[in-house]
Amino acid sequence: MTATPTAETSGSPTPAARSPRGRPRDPDLARRAHRAALGLFAEKGWAGFTLDGVAARARIGKSAIYLRWSDRAELLVEALRRLQDEDEARPSPPPTDDEGPSALGTTGPSAAEPSTPGPSTAGAATTTREHAAPAPRTLRDYLVQHARRRAEQYLGEHGMAMIRLYAEAQTHPELLSEVRRQALTSYVLAERERVAEAVRQGELAPDASPMRILDAVEGAVLMHVIVTPPHLRDRVRATIDEYVELMVDDQLRAAGYAFPPAGTRTPAPAAHDTATTDDGTGTR
């Protein structure tokens with residue numbers, strides 16, 4: 001008789017809805033498993049990422065892991081989505097008053113509102129959004145807030161897990177395409193729609209490309225983090241707010257964004273516009 005493949009050995013990337021059974025779910029178990037999953041994936045990649053390994057790292061019984069998640073892809077998706085939802089729910093600095101009301105208002109989805117959360121993450125996403133910071137009023141506020149949070153994710157405890165997924169999804173597209181779609185793509189599409197709405201409302205030039213604007217913002221943040229050697233990470237953390245504001249202003253200026261008159265805007269922080277150093281760092 002041929003043995004039936006298990007979810008762990010098959011590596012199926014499609015998260016499955018699971019019916020609750022037995023005792024109520026323990027939220028602390030989920031938090032521990034998510035943290036262990038992100039740490040293990042960051043260190044060992046997809047090839048070394050197993051449910052058994054997560055159970056051992058989190059000091060959770062294997063049976064509890066297998067009852068809660070159908071396969072490793074489902075757990076990884078849930079951990080990545082929770083990471084992003086929790087970051088979106090953290091309070092942000094209030095938007096500045098110097099840019100006036102935006103034609104956007106609250107129109108268009110925000111990154112805190114992924115398109116279709118899966119069954120296993122819907123509760124967590126709803127909970128975090130109930131306490132999310134108010135939607136930014138202007139496109140500039142939105143992009144600054146988004147870029148700052150993305151930088152904080154990369155610089156945070158689990159940033160390497162997100163960076164690892166970018167690379168692994170190219171190496172194992174047949175296995176990780178669904179993980180990438182659920183954990184990353186839905187958020188990016190929501191962000192792109194926000195910029196597209198700004199084009200439609202006349203805040204950006206008619207020929208401005210939402211895709212290229214977000215590529216520039218996302219790419220700048222990612223490169224700023226990954227080219228920095230570990231011993232200079234504290235410097236990047238200390239200057240990231242200034243870097244993000246100047247970088248977003250550069251992109252919006254190139255896209256024809258209608259900034260308020262210079263006399264009515266709060267000046268940006270003084271830039272340490274230093275040349276990039278030999279080790280790939282600098283505040284510019």
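For this chain, numbers begin at 1 and follow the sequence in order.
Going from atom CG of Asp141 over to atom NE2 of His146 covers 14.0 Å, rounded to the nearest 0.5 Å. Atom OG1 in Thr50 sits 12.5 Å away from atom CG in Asp71 (nearest 0.5 Å). The line from CD of Glu178 to CG of Leu76 is 12.0 Å long, rounded to the nearest 0.5 Å. Note that CE of Met223 is 9.5 Å distant from OG1 of Thr228, once rounded to the nearest 0.5 Å. Here Asp85 contributes atom CG and Arg82 contributes atom CZ; the two are 9.5 Å apart, rounded to the nearest 0.5 Å. Rounding to the nearest 0.5 Å places CZ of Arg72 at 8.5 Å from CG of Leu51.
Listed by chain and residue number, Ala216, Val217, Met247 satisfy the side chain to side chain contact (heavy atoms under 4.5 Å, CB included) test with Gln251 (two or more places apart in sequence, or in another chain). Legend: residues meeting salt bridge (charged side-chain N to carboxylate O under 4.0 Å, His left out) with Arg192, ordered by chain and number and at least two apart, are absent. Listed by chain and residue number, nothing satisfies the side chain to side chain donor-acceptor pair (under 3.5 Å) test with Arg32 (two or more places apart in sequence, or in another chain). Here Asp207 pairs with Ala205 under the side chain to side chain contact (heavy atoms under 4.5 Å, CB included) rule; sequence neighbours left out. With sequence neighbours left out, the side chain to side chain contact (heavy atoms under 4.5 Å, CB included) criterion links Leu222 to Tyr154, Ile163, Tyr166, Ile226.
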Exercise for review: Kindly determine whether Phe41 and Val54 satisfy side chain to side chain contact (heavy atoms under 4.5 Å, CB included), including the steps that lead there.
Suggested key: CA-CA 9 Å; Phe41 181 69; Val54 172; over 6 Å; no
Practice item. For the pair Ile213 and Leu204, evaluate side chain to side chain contact (heavy atoms under 4.5 Å, CB included) and give the outcome as yes or no after the intermediate values. Key: CA-CA 11 Å; Ile213 291 171; Leu204 294 171; 3.9 Å; yes
Exercise for review: Applying side chain to side chain contact (heavy atoms under 4.5 Å, CB included), run through Val248 and Leu252 and close with a yes or a no.
Suggested key: CA-CA 6 Å; Val248 167; Leu252 289 178; 3.8 Å; yes
Exercise for review: Check step by step if salt bridge (charged side-chain N to carboxylate O under 4.0 Å, His left out) holds for Arg253 and Asp250.
Suggested key: CA-CA 5 Å; Arg253 191 176 298 109; Asp250 286 345; 3.3 Å; yes
Exercise for review: Let me see the working for Glu197 and Arg200 under salt bridge (charged side-chain N to carboxylate O under 4.0 Å, His left out), right down to the final yes or no.
Suggested key: CA-CA 5 Å; Glu197 180 66 13; Arg200 291 192 291 268; 2.7 Å; yes
Review point. Could you walk me through whether Gln84 and Arg149 pass the side chain to side chain contact (heavy atoms under 4.5 Å, CB included) check?
Key: CA-CA 9 Å; Gln84 298 200 75; Arg149 284 176 173 160; over 6 Å; no
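The two residues Val199 and Ala208 come nearest to each other via the heavy atoms CG2-O, 4.0 Å. Heavy-atom minimum distance, Leu40 versus Gly53: CD2-C, 3.7 Å.
A salt bridge does not link Glu78 with Arg81: none of the charged nitrogens is closer than 4.0 Å to a carboxylate oxygen. A salt bridge does not link Arg68 to Glu74: none of the charged side-chain nitrogens sits closer than 4.0 Å to a carboxylate oxygen. Arg164 has no carboxylate O lying under 4.0 Å from a charged side-chain N of Glu43, or vice versa, which leaves the two without a salt bridge.
Between the side chain of His34 and the main chain of Ala30, a donor-acceptor pair closer than 3.5 Å is present.
Applying the salt bridge (charged side-chain N to carboxylate O under 4.0 Å, His left out) definition to pairs two or more places apart or across chains, those involving residues 212-234 are Arg150-Glu218, Asp234-Arg237.
The cationic atom of Arg140 (NZ for Lys, CZ for Arg) does not lie both less than 6.0 Å from the six-membered ring centre of Tyr257 and within 45° of the ring axis. Geometrically, Arg194 engages Tyr142 in a cation-pi contact defined by less than 6.0 Å to the ring centre and at most 45° from the axis.
In this structure, Phe259 is a member of the same hydrophobic cluster as Leu143, with clusters built from ILVMFWY side-chain heavy atoms closer than 4.5 Å.
Between Asp52 and Tyr66, the side chains place a donor N or O and an acceptor N or O closer than 3.5 Å (distance only, hydrogens not considered).
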